[in-house]
Amino acid sequence: MATRKLFVFLFCLLFVLEVTNAWGIDIGFMNRRTYPQSTINMGYYRRTCPRAELIAHKTVYNYVARDPTLAAGLLRMYFHDCFVTGCDGSVLLQSTANNKAERDAIPNLTLKGFNVIDAVKSALERECPGVVSCADILALAARDSVLMIGGPFWDVPTGRRDGRTSLASQASAELPSPFANIAQLKQNFAAKGFNAKELAVLSGGHTIGTGHCSIISSRLYNFTGRGDTDPSLDPIYAAQLKKKCLLGGSSAVVAELDPGSVKSFDAAYYSVVANKRGFFQSDAALLDDYETRSYVKFQSFSRGSTFGRDFSKSMEKLGYLGVLTGRQGEIRKTCAFVNKW
């Protein structure tokens with residue numbers, strides 16, 4: 001029932017956007033206020049493609065309404081894009097005979113949602129050819145898909161250009177590892193300009209989505225090489241996971257990162273971590289640092305009283321990482337390939 005009410009609300013929102021666009025009314029997240037990096041701003045396509053954000057929203061809605069798990073895929077894809085060379089759509093590029101691209105790096109082999117981005121791009125190319133970048137499409141799709149499953153809204157200034165370079169080696173080197181300890185995570189996030197609190201906040205994106213059992217196999221069955229289980233994992237939860245993640249089982253088997261909440265964006269993830277039920281070692285590692293542990297426990301105790309606001313701020317900050325503007329990049333005709341000149 002809650003999901004149905006949310007979809008009704010979103011339909012009404014789409015209608016309002018359609019009317020305000022048609023009448024030239026400037027509202028909240030469609031205004032032209034300039035952000036710290038003045039070359040990207042709200043309403044960047046207002047004159048060149050007035051219905052760009054509305055078309056993107058409608059297209060994403062059509063997919064997420066049928067498969068809410070796509071929200072986790074699009075959010076993860078956006079994060080993986082921005083954390084490697086910046087938010088330039090490089091994760092969308094396919095490998096060529098001479099280059100192994102980011103999407104074929106091991107951490108990205110399980111990304112999903114490329115078809116959604118392609119559908120949005122096709123719709124926008126019909127509306128206004130060669131105007132809207134794939135990097136902006138991915139940024140809008142991540143925000144809108146999270147909003148559609150009950151998550152917070154955040155501003156997405158646009159005007160990014162698409163990158164022409166994508167290297168699997170960079171993705172492997174720069175993306176946070178699910179096996180990372182807290183020192184490695186803090187170093188990894190600090191390199192991108194994020195502090196310990198923001199690390200804990202962005203980790204909250206694991207409130208949706210699933211993880212492959214193969215990634216935690218050693219954590220369950222051979223943590224120190226002696227056939228043991230990671231002692232930081234709640235024993236009861238470990239036993240439950242073992243029923244799902246069988247030793248030597250299929251690598252395709254997945255388990256929910258936030259059990260019972262995989263299709264709903266909320267703060268339950270923090271209670272999961274606080275109770276030593278974090279799926280990845282990187283989730284459990286949040287309890288090994290005073291700042292991140294304090295944030296986890298506060299959100300767990302307060303039932304996420306500030307999580308939505310904190311997540312919005314961190315996602316807005318993420319959207320500025322390494323953006324390309326002007327002649328630094330291009331507007332790809334298709335998101336999977338660079339333009340041929």
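Along the sequence shown, the residues carry numbers beginning at 1. Keep in mind that this is a model prediction, so the values were computed, not measured.
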*Using 4.0 Å as the upper bound for N to carboxylate O, is an ion pair formed by Asp88 and Arg160?*
no
_Ignoring hydrogens, what is the shortest heavy-atom contact between Tyr78 and Gly319? Give both atom names and the distance._
OH-CA, 3.1 Å
*Do Arg219's NZ or CZ and the ring of Tyr221 fall within the cation-pi criteria of under 6.0 Å and 45°?*
no
*State whether the side chain of Arg143 and the backbone N or O of Ala139 hold a donor-acceptor pair below 3.5 Å, judged by distance alone.*
no
*For His57 and Met148, work out which heavy atoms get closest and say how close.*
O-CE, 3.4 Å
_Check: Ala171 main-chain N/O paired with Glu102 side-chain donor or acceptor under 3.5 Å_ = no
*Return each pair, listed once, that meets disulfide (SG to SG under 2.5 Å) where at least one residue sits in residues 103-174; pairs must be two or more places apart or across chains.*
Cys49-Cys128, Cys134-Cys335
*Which pair of heavy atoms, one from Lys317 and one from Gly193, lies closest together, and at what distance?*
NZ-O, 2.7 Å
_As a quick check of understanding, evaluate side chain to side chain contact (heavy atoms under 4.5 Å, CB included) for Asn181 and Asp288, giving each step before the final call._
CA-CA 8 Å; Asn181 59 38; Asp288 296 333; 6.0 Å; no
*Going by atom types only, do Ser305 and Gln299 share a side-chain donor-acceptor pair under 3.5 Å?*
no
Show the atom names and distances, to 0.1 Å, of all donor-acceptor pairs under 3.5 Å that link a side chain in residues 242-255 to residues at least two apart or in another chain.
from	atom 1	to	atom 2	distance (Å)
Lys242	NZ	Thr229	OG1	3.0
Ser250	OG	Ala252	N	3.1

_Parallel, tilted or perpendicular: which one describes the rings of Phe307 and Phe265, with boundaries at 30° and 60°?_
parallel
*Would you check, one step at a time, whether the test side-chain hydrogen bond (donor to acceptor under 3.5 Å, both in side chains) holds for Ser271 with Arg303?*
CA-CA 8 Å; Ser271 294; Arg303 297 185 178 182; over 6 Å; no
_Here's a test for you: under side-chain contact (heavy atoms from CB on, under 4.5 Å), which of Asn339, Val338, Asp162 qualifies with Lys333?_
Asn339
*How far apart are the C-alpha atoms of Thr165 and Thr85, what are their side-chain angles, what is the distance that settles it, and do they pass the side chain to side chain contact (heavy atoms under 4.5 Å, CB included) test?*
CA-CA 9 Å; Thr165 303; Thr85 70; over 6 Å; no
*Shortest non-hydrogen separation from Ile208 to Ser261 and the atoms involved*: CG2-O, 4.2 Å
*Note: Glu198-Lys313 ion pair, threshold 4.0 Å (strictly below)*: no
*Over all atoms of both residues, closest heavy-atom pair of Ala268 and Asp258*: CB-OD2, 3.4 Å
*Identify whether the distance between the nearest side-chain nitrogen and carboxylate oxygen of Glu330 and Arg164 falls below 4.0 Å.*
yes
*Please confirm whether Arg332 makes a cation-pi placement over Phe337, using NZ or CZ under 6.0 Å from the six-membered ring centre and within 45° of the ring normal.*
no
*For this output row, return yes or no: ring centroids of Phe83 and Phe189 closer than 6.0 angstrom.*
yes
*Do you know the tightest heavy-atom contact between Phe280 and Ile216?*
CD2-CG2, 4.3 Å
_Between Asp228 and Thr224: side-chain donor-acceptor atoms closer than 3.5 Å_ = yes
_Heavy atoms from other residues, nucleotides or ligands near CZ of Phe301 exceed 12 (cutoff 6.0 Å)_ = no
